[in-house]
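Have a look at the structure below, then the notes.
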Amino acid sequence: MARRVAIVGTGQTDHRSHRPDVNGREMIYEAVKRALDDCQLSIHDIDAIIIGNMDHFESINYVDTWSVEGSGAVMKPIMKVTTGGTTGASVAIAAYYHVASGFFDKVLAIGWEKNSESDTTAAIITCSDPVWDRAFYSGAIPSLATEASAYMKQYGATQEDAARVAVRDRTNALSNPHAHLRKPITIEDVMASPMLAYPIKLLDVCPRTDGAAAVVFAADGVAQKIAPKPAWIRACAARHTYSWFGDVDYNAGLLSLQRASKEAYQRAGIREPADEIDVAELYLPYSYAGLKWIEDLGFCGPGEGPGFIRDGHTDMGGKIPVNPSGGVISTNCIGATALLRVAEAAMQVMGKAGQRQVPDVEVALATGFGGCFWSDVLILGKARP
Amino acid sequence: MATERDYGELLTLTFSTPMPYEWSIGKYGSLFFHEIRESQRFTGIRCPQCGKVYVPPRRLCAPCFKELDELIILPNLGSIMAFSVVNYPFPDPATGEQRPIPYTYGCIKIEGSDNIFNHVIDETNVEKIAVGMKVAAVFKGKEEMQGNIQDIRHFRILG
Ligand SMILES: [Zn+2]
């Protein structure tokens with residue numbers, strides 16, 4: 001029987017496009033220090049560490065050993081978990097498993113990326129099959145663009161509908177002191193920004209960020225002593241669907257997210273996600289995902305995403321606020337990105353989200369997305385499950 | 001690629017050495033390129049459990065976790081399921097050089113297959129491309145072929 005587990009502390013760097021003032025280890029340290037300070041623990045209290053980032057981005061193969069001076073893992077169990085874009089959620093889930101297993105009471109999860117250290121697109125291309133896909137694959141944007149063009153064709157969604165999602169997230173980022181992009185934008189700005197890959201324009205898509213995140217997980221009985229209001233893990237689920245880009249059925253929606261969220265809702269006893277979840281931190285790497293993937297999450301029906309956004313249901317103060325932090329469109333230190341979703345969801349449950357706090361959060365949802373169309377889902381709650 | 005050392009206060013270290021790899025294409029993948037070279041036609045493979053036809057042919061069906069061996073000859077024709085015109089510059093990890101842009105990345109359903117074949121469509125004007133259009137593969141000349149995915153030059157829109 002798995003033990004109950006809660007998040008007791010979170011920490012993140014002040015995210016920037018380039019941090020030449022720190023190397024990777026030093027940047028990791030900043031997030032770890034803040035997470036430990038947040039729950040008033042010392043590194044000596046931590047029993048094990050899970051760390052993750054994107055393979056190839058910094059050309060560091062043994063991040064687990066290389067990072068120890070920043071992660072604090074000297075003479076502790078540490079392992080690297082890397083699953084592409086979902087890495088940050090996968091380290092969170094792995095940390096949860098470690099504590100739930102009963103072997104460890106307090107486990108630190110770390111995600112980080114120094115996107116400035118290589119060409120992000122070239123590095124992402126190395127995730128594609130070298131024989132069949134790599135010659136024409138050009139990183140995350142076109143595979144998302146193909147998904148977007150298929151969605152627009154199927155439901156008549158427009159570029160303006162998508163722009164509304166980017167404006168929502170970038171507006172929310174104004175209330176997050178850690179966010180990378182903190183300049184307000186309008187729908188007109190999005191529409192006028194350069195076309196990267198039809199129908200995705202510069203302001204529809206996430207930036208490249210240097211940054212790190214750290215989250216402390218603790219066991220039932222220990223957690224309550226560390227944090228007065230810990231964020232309990234109600235459920236988590238992961239689904240990986242495809243190994244070839246050509247196997248994606250674009251018209252079926254994001255199948256991995258449909259399946260992972262269905263399993264997580266079932267475990268958490270959620271029937272009407274939009275009514276029962278108070279806030280969602282979603283890994284939306286580009287604006288069109290904010291239309292389509294909320295359908296896959298069951299916030300609304302197929303094709304209803306654009307209307308759901310237009311009616312303000314996902315705005316701050318709406319039925320289910322999405323990405324109070326500003327989301328991935330405002331900050332994208334890739335290996336940390338999905339862990340930031342988990343950290344932000346935990347902060348919402350713990351009432352520690354400052355200016356971006358949604359009132360009275362009982363249940364929060366966090367997701368991770370990665371190539372090749374993989375999804376992780378976590379549900380956190382105020383009540384001990 | 002050698003550039004002048006930037007001696008600003010905060011220094012960075014540059015690495016730009018090529019690191020060669022040699023990837024195995026496998027039995028069925030090799031056969032796919034041989035068929036293109038000899039007969040200018042596509043080969044697919046059918047899963048004995050779910051019946052799905054994959055192109056290019058592969059040894060395994062992932063959802064069924066079954067080995068495949070029923071090869072099928074397919075036409076060089078397909079239709080556009082999705083596409084994207086790539087407009088932004090980036091270094092190609094295959095060459096180390098900037099990949100020429102713009103180009104159109106196409107998700108093509110080859111007739112008689114059940115998955116999508118990803119390649120290039122030789123049209124970069126968004127107004128002239130639509131999901132559902134029929135396309136045909138254009139091959140390189142036999143003497144130019146190298147046994148790789150570029151043996152298919154591109155897909156041409158038939159309308
Ligand atoms: Zn099968």
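Within every chain, numbering begins at 1; the chains are lettered A, B, ... in the order of the sequence lines, protein sequences first and strands thereafter.
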Among P102(B), G29(B), A62(B), which residue forms the greatest number of heavy-atom pairs with chain A at distances under 4.5 Å?
-> G29(B)
CG on N87(B) to CD1 on I200(A), rounded to 0.5 Å | 12.0 Å
Based on non-hydrogen pairs under 4.5 Å, which of T104(B), L11(B), V85(B) is most in contact with chain A?
-> V85(B)
Is the number of heavy atoms from other residues, nucleotides or ligands under 6.0 Å of Y29(A) OH greater than 12?
-> no
Which of residues 47-58 of chain B have a heavy atom under 4.5 Å from any heavy atom of chain A?
-> Y54(B), P56(B), R58(B)
Taking the side chain as every heavy atom from C-beta outward, state whether S138(A) and Y88(B) have any atom pair closer than 4.5 Å.
-> yes
Got more than 12 heavy atoms from elsewhere within 6.0 Å of CD, E144(B)?
-> yes
CG of N23(A) to OG1 of T12(B), rounded to nearest 0.5 Å, is 13.0 Å
Within a radius of less than 6.0 Å around NZ of K140(B), do more than 12 heavy atoms belonging to other residues, nucleotides or ligands occur?
-> yes
Which atoms of Y103(B) approach chain A - backbone, side chain, both or neither, heavy atom under 4.5 Å = side chain
Working to the nearest 0.5 Å, report the span between CE of M195(A) and OG of S84(B).
-> 9.5 Å
Applying a strict 4.5 Å limit to non-hydrogen atoms, the region of V126(B) in contact with chain A is side chain
Mind checking the CG-CZ spacing from L10(B) to R19(A)? Nearest 0.5 Å is all I need.
-> 10.5 Å
Spatial distance of atom CZ (F136(A)) from atom CD1 (I149(B)) [nearest 0.5 Å] = 6.0 Å
Would one find more than 12 heavy atoms of other residues, nucleotides or ligands at under 6.0 Å from atom NZ of K142(B)?
-> yes
Region of D21(A) in contact with chain B, defined by heavy-atom distances below 4.5 Å | both
Give, as side chain, backbone, both or neither, the part of L202(A) having an atom under 4.5 angstrom from any heavy atom of chain B.
-> neither
Greatest number of non-hydrogen atom pairs under 4.5 angstrom with chain B, of W132(A), Y198(A), Y137(A), falls to W132(A)
Work out which heavy atom in P93(B) is nearest to a heavy atom in I125(A); give both atom names and the distance.
-> CG-CG2, 3.4 Å
Under 3.5 Å donor-acceptor, R99(B) side chain and A135(A) backbone | yes
Side chain, backbone, both or neither of T121(A) within contact of chain B (heavy atoms, under 4.5 Å) | side chain
How would you list, in number order, the residues of residues 32-39 of chain B that have a heavy atom less than 4.5 Å from chain A?
-> F32(B), F33(B)
Side-chain contact test, heavy atoms from C-beta onward, threshold under 4.5 Å: evaluate it for T146(A) versus Y105(B) and give yes or no.
-> yes
Separation of R134(A) CZ from N118(B) CG (nearest 0.5 Å) = 14.5 Å
More than 12 foreign heavy atoms under 6.0 Å from CZ of R259(A): is that the case here?
-> no
